[in-house]
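Predicted model, so just to flag it, every value in this text is computed and none were measured. Because only heavy atoms are used, hydrogens play no part in the values below, and waters and symmetry mates are left out as well, while side chains stay in.
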Amino acid sequence: MLFQVEMTVNLPVDMPERAAADIKAKEKAYAQEIQNAGEWRHIWRVAGTYSNLSIFDVKDIDRLHEILSGLPLFPYMAIAVKPLVRHPSSVRADDS
Ligand SMILES: O=C(O)CC1=CCC(=O)O1
């Protein structure tokens, strides 16, 4: 199943710089692991924001929730999920 996910990060203003750098490094490692596994298909920065737009390809919504709730930045993010289905006018042979 394909999902579009928008994540907006809101770190507390009083979070020490070192703690912020550490959590961002953990987030990157986790995100790259899921990308390499093929479940996190795209991640794009929304220009001018601290948000990303991502596409996930997972077996079900429970797996998506498992991934998202495991994000180190999860406690500091607003997340919006939209399920996607194939568009009848798409010229792509698959859903890549
Ligand atoms: O910086 C972000 O948009 C938050 C984030 C999600 C995965 C990642 O590596 O950073």
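- For Met15 against Ala19, the heavy-atom pair with the smallest separation is CG-CB, 4.0 Å.
- Of the inter-residue distances, the one linking Asn10 atom CG with Tyr76 atom OH reads 12.0 Å to the nearest 0.5 angstrom.
- Here the closest heavy-atom approach between residue Glu27 and residue Leu73 is recorded as OE1-N, 2.8 Å.
- The hydrophobic cluster containing Leu84 does not contain Phe56, counting ILVMFWY residues as joined when their side-chain heavy atoms lie under 4.5 angstrom apart, directly or transitively.
- Members clustered with Leu53: Val46, by chain and number, using a 4.5 Å side-chain heavy-atom cutoff among hydrophobic residues.
- Hydrophobic clustering (ILVMFWY, side-chain heavy atoms < 4.5 Å, transitive): Ile55 and Ile79 are in distinct clusters.
- The two residues Ser51 and Thr8 come nearest to each other via the heavy atoms OG-OG1, 2.8 Å.
- Pairs passing the side-chain hydrogen bond (donor to acceptor under 3.5 Å, both in side chains) check and including a residue from residues 30-40, sequence neighbours excluded, read Glu39-Arg63, Trp40-Ser54.
- Taking the side chain as every heavy atom from C-beta outward, Leu71 and Met77 approach each other to under 4.5 Å.
- Taking hydrophobic clusters as Ile, Leu, Val, Met, Phe, Trp and Tyr residues chained together by side-chain heavy-atom distances below 4.5 Å, Ile43 shares a cluster with Met7.
- Between the CG atom of Asn52 and the NE2 atom of His42 there is a distance of 13.0 Å, given to the nearest 0.5 Å.
- Closest approach of Phe3 to Pro83, counting heavy atoms only: CD2-CA, 3.6 Å.
- Contact annotation: the side chain of Asp62 never approaches that of Leu64 to less than 4.5 Å [non-hydrogen atoms, C-beta and beyond].
- Hydrophobic clustering keeps Ile61 apart from Leu2 (ILVMFWY residues linked when any side-chain heavy atoms are closer than 4.5 Å, directly or through intermediates).
- In this structure, Ile34 CD1 and Glu66 CD are separated by 8.5 Å, a value rounded to the nearest 0.5 Å.
- Within a 6.0 Å radius of CZ in Arg18, no more than 12 heavy atoms belonging to other residues, nucleotides or ligands are found.
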